[in-house]
Amino acid sequence: MNTLKKIVILGTMVLSLTACSSNNNDKYMTLYKELLEQQPPDIENIVFEDESGNKLSEDESGFITIYNNTKLTASVDGNSTDAEVYFVPSGSDNSEYQQLVTSGSIEDDRAEFILKQEEFSDGLGYLWVVVYNNELGRKSEEFKISLAEE
């Protein structure tokens, strides 16, 4: 076989492999993007504020004191549909004591809730947020909270 024929055959093979590889990459990138759209959103930040808009911080023992009408804001990144706030009293290792405090939708990559003290079954416990993209959810870190005595 002459050298020119070998070069043409080799070039054709390289082009065919490159075209197949490119098609596979495109197919996998499309699939990857579709899967990303189905994932639950990331929870970027959660902030607690009192009625005056002052940010609430943890005390020396790691608890955040919740007042009546405390505003909870969860910032999210990714496709999202709704969010829920859960609470479980401290000292209970059993999920049967877990309660749904409130739920709502996510708008402009934020879920905002006004927490009412009467929504909690106990004055001391753990609170977290779950954000959803349809049926898939992602749980935030847990916050130790205590209810303010009013």
Side-chain angles (χ1 to χ4, degrees), residues 11-150:
T12 305
M13 287 175 49
V14 168
L15 285 174
S16 296
L17 289 174
T18 304
C20 289
S21 175
S22 176
N23 287 342
N24 282 338
N25 284 341
D26 291 344
K27 180 175 86 174
Y28 290 125
M29 284 304 294
T30 301
L31 180 60
Y32 176 73
K33 288 177 183 177
E34 288 173 3
L35 288 173
L36 277 180
E37 289 177 11
Q38 296 172 16
Q39 294 301 306
D42 289 322
I43 302 168
E44 294 183 322
N45 191 24
I46 294 180
V47 176
F48 297 88
E49 297 174 315
D50 64 17
E51 286 185 287
S52 301
N54 299 313
K55 184 177 177 182
L56 302 176
S57 302
E58 295 178 351
D59 63 16
E60 60 278 350
S61 59
F63 282 85
I64 298 173
T65 302
I66 301 292
Y67 300 89
N68 206 30
N69 297 320
T70 293
K71 181 180 178 182
L72 181 156
T73 304
S75 301
V76 301
D77 180 37
N79 292 338
S80 53
T81 53
D82 51 346
E84 298 172 333
V85 177
Y86 288 90
F87 173 78
V88 66
S90 64
S92 59
D93 292 332
N94 198 328
S95 63
E96 71 185 69
Y97 298 106
Q98 173 181 309
Q99 70 180 87
L100 174 64
V101 176
T102 186
S103 62
S105 60
I106 298 176
E107 296 180 21
D108 298 325
D109 295 330
R110 295 165 52 115
E112 294 183 351
F113 303 99
I114 302 298
L115 304 176
K116 307 278 187 192
Q117 287 189 334
E118 63 266 11
E119 295 171 328
F120 294 88
S121 60
D122 198 324
L124 206 59
Y126 299 91
L127 179 139
W128 63 91
V129 176
V130 178
V131 294
Y132 294 93
N133 179 12
N134 297 313
E135 295 85 33
L136 294 176
R138 180 162 294 160
K139 179 183 173 188
S140 73
E141 66 179 294
E142 293 182 359
F143 297 91
K144 297 191 303 186
I145 65 160
S146 64
L147 298 182
E149 295 181 22
E150 295 195 34

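- Rounding to the nearest 0.5 angstrom, the gap separating the NZ atom in Lys116 from the CG atom in Leu147 is 13.5 Å.
- Contacts of Asp59 classified as salt bridge (charged side-chain N to carboxylate O under 4.0 Å, His left out), with partners at least two apart in sequence or in another chain: none.
- The salt bridge (charged side-chain N to carboxylate O under 4.0 Å, His left out) check on Glu84 picks up nothing, with sequence neighbours excluded.
- Glu142 pairs by the salt bridge (charged side-chain N to carboxylate O under 4.0 Å, His left out) definition with Lys139, not counting sequence neighbours.
- By the 6.0 Å contact criterion, CG on Asp108 is open, its count of non-hydrogen atoms from other residues, nucleotides or ligands being 12 or less.
- Under the 30°/60° scheme for interplanar angles, the aromatic rings of Phe120 and Phe87 are found to stand perpendicular.
- Remark: Lys144 engages no residue in a salt bridge (charged side-chain N to carboxylate O under 4.0 Å, His left out) (not counting sequence neighbours).
- Atom CD of residue Glu49 and atom CG of residue Leu115 lie 11.5 Å apart, to the nearest 0.5 angstrom.
- Looking at residues two or more places apart in sequence or on another chain, you find a ring-ring contact (aromatic ring centres under 6.0 Å, His included) between Phe48 and Phe143.
- Checked against side-chain contact (heavy atoms from CB on, under 4.5 Å), Asp109 has the following partners two or more places apart in sequence or in another chain: Val76.
- To the nearest 0.5 Å, the span separating OG on Ser75 from CG on Asp42 amounts to 12.0 Å.
- Using a 4.0 Å cut-off between charged side-chain N and carboxylate O, Arg110 and Glu112 make a salt bridge.
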